[in-house]
Amino acid sequence: MVKEYLVRKIARVIAQIDGLPRLSADEIQLEHPKKDLHGDLSTNAAMILAKKAGQDPQAIAEAISQKLKLNRGLIKSWSVWAPGFINFTYGSRYLWDQLLEIHGQEKNFGKSELGKGQKVQVEFVSANPTGPLNVVSARAAAVGDSIANILQATGHYVEREYYVNDTGAQVRRLAESVEIRYRQLLGESVELPDDAYHGEYLIDLARELIDQVGIEYLSLPPAETREKIRHQALHKLVTAQQNDLKQFGVTYDVWMSERNLKKSGVLEEVLALLTEGGHIYEREGAVWFRSSDFYDEEDRVLIKEDGEATYFLMDIGYHKNKLDRGFHRIIDLWGPDHHGYVPRMRSAVEALGIDASRLDLRIIQQVNLLRGGKPVKMSKRAGSIITMRELVKEVGTDVARFFFLMRRLESHLDFDMDVAVEQSEENPVYYVQYAHARISSILKHAKDQGVTLPAIEDVKLSLLNKKEELDLIKEIILLPEVILGAARSLEPHRLTVYLRDVATAFHLFYHKYRVVTDNAGLTAARLALIKATQVVLKNALKLIGISAPTHM
RNA sequence: GGGCUAUUAGCUCAGCCUGGAUAGAGCGUUGGUCUCCGGAACCAAAGGUCACAGGUUCGAAUCCUGUAUAGCCCGCCA
């Protein structure tokens with residue numbers, strides 16, 4: 001790439017100038033300036049040197065600039081700007097060559113080998129199986145799935161995992177709630193306790209149960225009834241979650257059962273390891289982990305006074321299990337209510353003798369759901385939630401995913417359902433998809449005129465020399481570095497920002513010039529240009545799980 | 001009381017990691033573009049003390065400290 005080439009050249013020139021400290025390739029930064037005026041690439045190397053050498057930055061920039069000898073096909077020109085920038089402008093030949101590159105790689109354009117040999121796991125959503133998925137889970141699903149896609153595109157081996165909390169108090173409470181609904185439907189006068197799950201969906205679930213087994217469960221021993229109901233309720237709810245996610249375009253490689261994990265003996269193993277390492281003590285009848293020896297502010301209980309394991313111990317076991325599965329790195333996407341758990345989890349991993357940097361915990365901030373500007377209070381117990389299914393039904397998968405991915409993870413997100421529905425016509429996702437569809441339409445139009453794109457080697461790309469044409473090329477060739485940046489930072493929202501820029505550059509070109517003209521050579525070159533644009537749009541959309549329609 | 005996150009245009013947000021040039025989009029507002037491959041488009045204008053106050057720096061939306069405001073968390077629940 002031209003960036004590496006430039007960095008190499010600049011470093012070499014700096015080394016040749018007396019009285020200047022050397023700069024490593026990492027220290028020489030090349031940015032894409034915001035203003036056209038400042039060229040296509042810019043470096044502030046002279047200003048960094050000025051600081052180190054105590055000299056005038058502009059003079060240093062001049063010295064570097066004069067000594068530089070560059071391939072004019074790659075870099076057409078360069079100049080020094082106050083207070084010490086050196087700005088470079090691409091040579092057209094470089095841009096045309098990049099266009100060839102896109103045509104050559106097609107659906108592989110943008111991919112890289114950054115993570116070659118790296119095995120990564122992404123765990124996300126992992127909502128309790130006590131009800132339907134809500135909009136917060138939808139955000140996590142959109143983000144997690146896109147991160148996984150992006151990591152795959154950068155050469156990582158990726159597994160998506162969902163952790164099913166299918167054991168513990170909440171599941172007992174779930175089974176109890178369903179059983180009461182079951183009995184109520186069959187005419188028994190039983191009251192639902194305050195701490196049970198009150199959602200309507202459990203009544204539906206109980207009704208399904210009756211359809212299946214009738215009144216059979218009334219006559220079984222209580223423990224057996226409870227167990228059967230627990231099992232069936234979990235199965236139905238997990239299946240429903242799977243279907244919701246699938247409809248949202250998200251499928252997992254592994255659905256990990258907490259219950260099975262518990263049976264595997266991993267808790268005992270963890271306890272033994274921690275005891276061995278001297279990280280455990282007893283106090284007031286409970287077993288404590290010295291997390292304050294690491295990153296946490298206080299120690300945490302692993303085994304309660306009543307002899308039961310805490311959720312935390314279970315979670316340590318789960319992370320031990322994940323790390324033992326050979327992943328170089330595991331990424332967890334957690335909700336904001338879990339931020340307090342980050343220090344203790346990192347502590348635990350380190351106490352187990354595992355490099356804590358292999359564990360990447362990311363917090364996805366909350367979604368405040370609004371309707372007509374008013375907040376919707378969501379409580380699973382009270383049953384007043386807006387589900388992921390309703391969201392998808394109202395605004396569609398593409399709109400929902402794009403919307404969630406326009407913000408970065410840390411931003412709290414206000415999602416107004418009414419506005420989302422009203423503005424769906426104006427939604428930026430359509431802007432991007434429209435560009436893709438329009439290109440399809442032009443290609444079809446060309447075909448109808450009997451014009452097809454010749455083999456790319458036979459196209460005279462040098463006919464593309466108008467500003468809008470070159471600007472469009474400059475935009476679409478950014479895809480690989482945008483994907484790299486998104487992968488390094490785990491920030492899928494960079495793709496949505498980029499997609500809009502590409503669409504804008506395309507529309508700009510489209511409005512200024514016709515693609516299909518009487519000039520066969522020019523037509524071919526422009527067809528090649530828009531085809532490459534379409535490839536870029538499609539590849540980027542695919543990474544964030546959004547469709548690339550050929551017509552709308 | 002402690003912690004996490006946020007605060008950028010009327011609204012919704014990028015930009016912050018890695019300091020740099022006149023702080024960018026979309027929506028909304030106002031005005032304009034259509035003999036033409038898709039108007040779900042394009043152009044232009046108005047709109048900003050980057051919450052506030054200090055600090056570091058040649059240079060701060062960006063780094064540091066403090067303050068304010070908002071949301072969330074602070075259990076031998078999961």
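Each chain gets a letter, A, B and so on, in the order its sequence line appears, and its residues count up from 1.
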- Query: Side chain of A:S42, base of B:A21: donor and acceptor closer than 3.5 Å?
  - Reply: yes
- Whole-angstrom distance between B:G55 and B:G59, as gauged at atom P: 12 Å
- P spacing across the pair B:U57 / B:A51, given as an integer number of angstrom: 23 Å
- Query: With no angle test and no hydrogens, is the base of B:G3 tied to the side chain of A:H339 by a donor-acceptor pair under 3.5 Å?
  - Reply: yes
- Sugar-phosphate, base or nothing in reach of A:T167, heavy atoms under 4.0 Å: sugar-phosphate
- Could you label the plane-to-plane angle of the A:W81 and A:H38 rings as parallel, tilted or perpendicular, counting under 30° as parallel and over 60° as perpendicular? perpendicular
- Message: Just the rounded figure in Å: distance from P of B:C4 to CE of A:M345.
- Response: 20 Å
- Whole angstrom is fine here: how far is it from CG in A:L537 over to P in B:G38? 17 Å
- Query: Counting only non-hydrogen atoms, which of residues 82-90 of chain A are less than 4.0 Å from RNA chain B?
  - Reply: A:P83, A:F85, A:N87
- Query: Using the C1' atom in both, what is the distance from B:A46 to B:G10, to the nearest Å?
  - Reply: 12 Å
- Message: Rounding to an integer number of Å, can you tell me how far A:R407 CZ sits from B:G15 C1'?
- Response: 15 Å
- Task: For A:E308, report the nucleic acid contact type (base, sugar-phosphate, nothing); a contact means any heavy atom under 4.0 Å.
- Result: nothing
- Query: A:W334 vs A:H319 aromatic rings, parallel, tilted or perpendicular, using cut-offs 30° and 60°?
  - Reply: perpendicular
- For B:U62 and B:U49, measure between their P atoms and round to the nearest Å. 16 Å
- With the side chain counted from C-beta on, respond yes when A:F506 and A:I439 share a heavy-atom pair under 4.5 Å apart, and no when they do not. yes
- Contact list for RNA chain B against residues 432-439 of chain A - heavy-atom distance below 4.0 Å: A:Y434, A:A437, A:R438
- Item | Nearest-angstrom distance, C1' atom, B:A14 to B:A61 | 12 Å
Atom pairs under 3.5 Å, N or O on each side, protein against nucleotides 43-48 of chain B: can you list them with distances?
none

- Taking atom C1' in both B:C73 and B:A21, what distance in whole Å separates the two? 42 Å
- side chain to side chain contact (heavy atoms under 4.5 Å, CB included) partner of A:D166, chosen from A:M256, A:E258, A:H231: A:E258
- Task: With heavy atoms under 4.0 Å as the rule, sort A:Y513 into base, sugar-phosphate or nothing.
- Result: base
- So, A:E468 and A:K512, do they make that salt bridge, N to O below 4.0 Å? yes
- Atom NE2 of A:H551 and atom P of B:G39: how far apart are they, to the nearest Å? 17 Å
- Task: Tell me what A:V497 touches on the nucleic acid: a base, only sugar-phosphate, or nothing, going by heavy atoms under 4.0 Å.
- Result: sugar-phosphate
- Note on the structure: Here the distance between atom C1' of B:C13 and atom CG of A:L405, to the nearest Å, is 14 Å
- Message: For A:P193, give me all partners under side chain to side chain contact (heavy atoms under 4.5 Å, CB included), at least two apart in sequence or on another chain.
- Response: A:E176, A:I180, A:D195, A:A196
- Message: Counting the atoms with a prime plus P, OP1 and OP2 as sugar-phosphate, which does A:H412 contact under 4.0 Å by heavy atoms, base, sugar-phosphate, or nothing?
- Response: base
- Distance between P atoms of B:A23 and B:C27 (Å, rounded): 22 Å
- Expressed in angstrom and rounded to an integer, what is the separation of A:I363 atom CD1 from B:U5 atom P? 9 Å
- For atom P, what is the distance between B:U5 and B:C42, given to the nearest Å? 37 Å
- Query: Looking at A:K304, does any N or O in its side chain come under 4.0 Å of the phosphate oxygens OP1/OP2 on B:A78?
  - Reply: yes
- Message: Show me, range against range, the stems involving RNA chain B, built from at least 3 consecutive Watson-Crick or G-U pairs below 3.5 Å.
- Response: B:1-7 with B:68-74, B:10-13 with B:24-27, B:29-33 with B:41-45, B:51-55 with B:63-67
- Can you find an N or O donor on one side and an acceptor on the other, under 3.5 Å apart, linking the side chain of A:Q365 with the base of B:C72? no
- Message: Please classify the nucleic acid contact of A:Q29 as base, sugar-phosphate, or nothing, using heavy-atom distances under 4.0 Å.
- Response: base
Please tabulate, one pair per line, each protein N/O and nucleotide N/O from nucleotides 8-11 of chain B that are separated by under 3.5 Å, including the distance.
none

- Query: Reckon A:R283 touches a base, only the sugar-phosphate, or nothing at all at heavy-atom distances under 4.0 Å?
  - Reply: base
- Message: Could you check whether the side chain of A:H38 and the base of B:A21 have a donor-acceptor pair of N or O atoms closer than 3.5 Å, going by distance alone?
- Response: yes
- Would you kindly give the CD1-to-P distance between A:I364 and B:U5, to the nearest whole Å? 15 Å
- Report the relative orientation of the aromatic rings in A:Y163 and A:Y318; use parallel for angles under 30°, tilted for 30 to 60°, perpendicular for over 60°. parallel
- Rounded distance in Å - CD (A:E410) to P (B:C17): 13 Å
- Does A:K51 get its side chain close enough to the base of B:G59, under 3.5 Å, for a donor-acceptor pair? yes
